[in-house]
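Here's the structure we're looking at; comments come further down.
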Amino acid sequence: TKQLAGMYAALMTALDDRGEFDPDRQRKLNDYVLRQGLDGLYVGGSSGESGLLDTAELLDQQKVVADSARAAGTRLIAHVGMPNLRDSIRLAKQAESLGYHALSALPPHSYPFSDDEIFAYYQALSSATALPLIVYEVPVRTGRPIGLDTLVRILGLKGVAGIKFTSTDMFKFSMLRRRCPDSVYFFGFDEIYLTGAVLGADGGIGTTYNLLGRLYAALDQAFRAGDLARAQELQDVSQVFVESILDTGVLPGMKAAFKAIGIDCGPTRAPMVLRVADGEARMRAVLARPEVK
Ligand code: NAY
C-alpha cells in the first residue's frame, strides 16, 4: 500500500467563461501540472470543485485527465466521494476501467450520518472495485471529524489502503499512524506539509501543488534527505503563497494566479467566487516576489 506514497496535486477543474466544464482548458491545465515533477494527480477532489459539479461532469473529467496522464506515465487517484453511495460507485467503476491507480472518498457528509453508516459506506465502496481506497479526513469541509476508533476500523477494511489527513489534529494523526502502521498517510494542508512529514506522512496532496508543484517536490525531497533547514525554507515560501490566497478564497485565488501565468481555467462555480476585485493583479504581484518566483 505504501506504493502510493508521494506528492500529488489535488487537480483543479477548468471551466469556460460561462462556468461550464471545459475539456480543452482542462488539458492545458493538466499539461502544466504534469510538468511539475510530482508523483501524481488527485482528481475530482475539493480542489476540483467536486462539491459544485455533477456526476456527469466528474465522469467526463476523469476521462480527459486519464488521456493527459497516460503519456506522462503519472499516478492517478480518483476522488469519488459523492453525497450518495450510488454515484460514488459509478465514479469508482469508471476510474477503474480508465486505469486509475487508486480511489479516494470523503465520508458521506450530506446528513449527520452515524459512525456505522460512515463505516458501511467505505465498506461498500472499497468492495465495489479492485482499486485501493484512500479515506479522506477533512473536518473543515465535512463539519465533523471522524472519531479515532472509527477511523481505525475503516483503515482495517480490506481494500482500504490509507488516509488523506487534512486536519491540524496532529496527535490524532500520530495515534492513527501508530495503530495502523501499514496504511499509507497523505497530509492535506500544504502550508504545514512539513509537520505531517515529520510525524510520518508518506506524502502530500494539495491545491497549491497545481501551481507550485516543483516547490513541494523539492520540499519533500529535502525532508527525506534530512535537510531540514532547506525544507523549512521551502515551507516558508509555500506559506507566503497560501497566505496570499486566503483573502481571495483558496480556489478563486488559485484560478486568478493561473490566469496571471497565462493558463486560463475560468472562474470557480457559483456560489464560490473571487472575494476581491483585483485578484489577478494581486496574484501577479505575489508570484513576482523573489522568494516565490
Ligand atoms: C482536495 O482536492 O481534496 C484537496 O485539495 C485537499 C487539500 C486542501 N484542503 C482543502 C480543505 O481543500 O490543499 C489543501 C488546502 O487547499 C491548502 O492547504 C490551503 O489551505
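In each ligand, atom 1 is the first atom listed, and ligand 1 is the first ligand listed.
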Hey, which residues fall under 4.0 Å of ligand 1 on heavy atoms?
Ala10, Tyr42, Gly45, Ser46, Ser47, Tyr136, Val138, Val140, Lys164, Thr166, Gly188, Phe189, Asp190, Glu191, Ile205, Gly206, Thr207, Val250
Distance under 6.0 Å and angle within 45° of ring axis: Lys164 vs Phe187
no
Val276 with Phe258, same ILVMFWY side-chain cluster at under 4.5 Å:
no
Following the transitive rule for hydrophobic clusters with a side-chain heavy-atom cut-off under 4.5 Å over Ile, Leu, Val, Met, Phe, Trp and Tyr, establish whether Met254 and Val273 coincide in one cluster.
no
To the nearest 0.5 angstrom, please state how far the [atom1] atom of [X] sits from the [atom2] atom of [Y].
X	Y	atom1	atom2	result
Asp39	Leu4	CG	CG	10.5 Å
Phe186	Ile134	CZ	CD1	5.0 Å
Arg90	Leu58	CZ	CG	11.5 Å

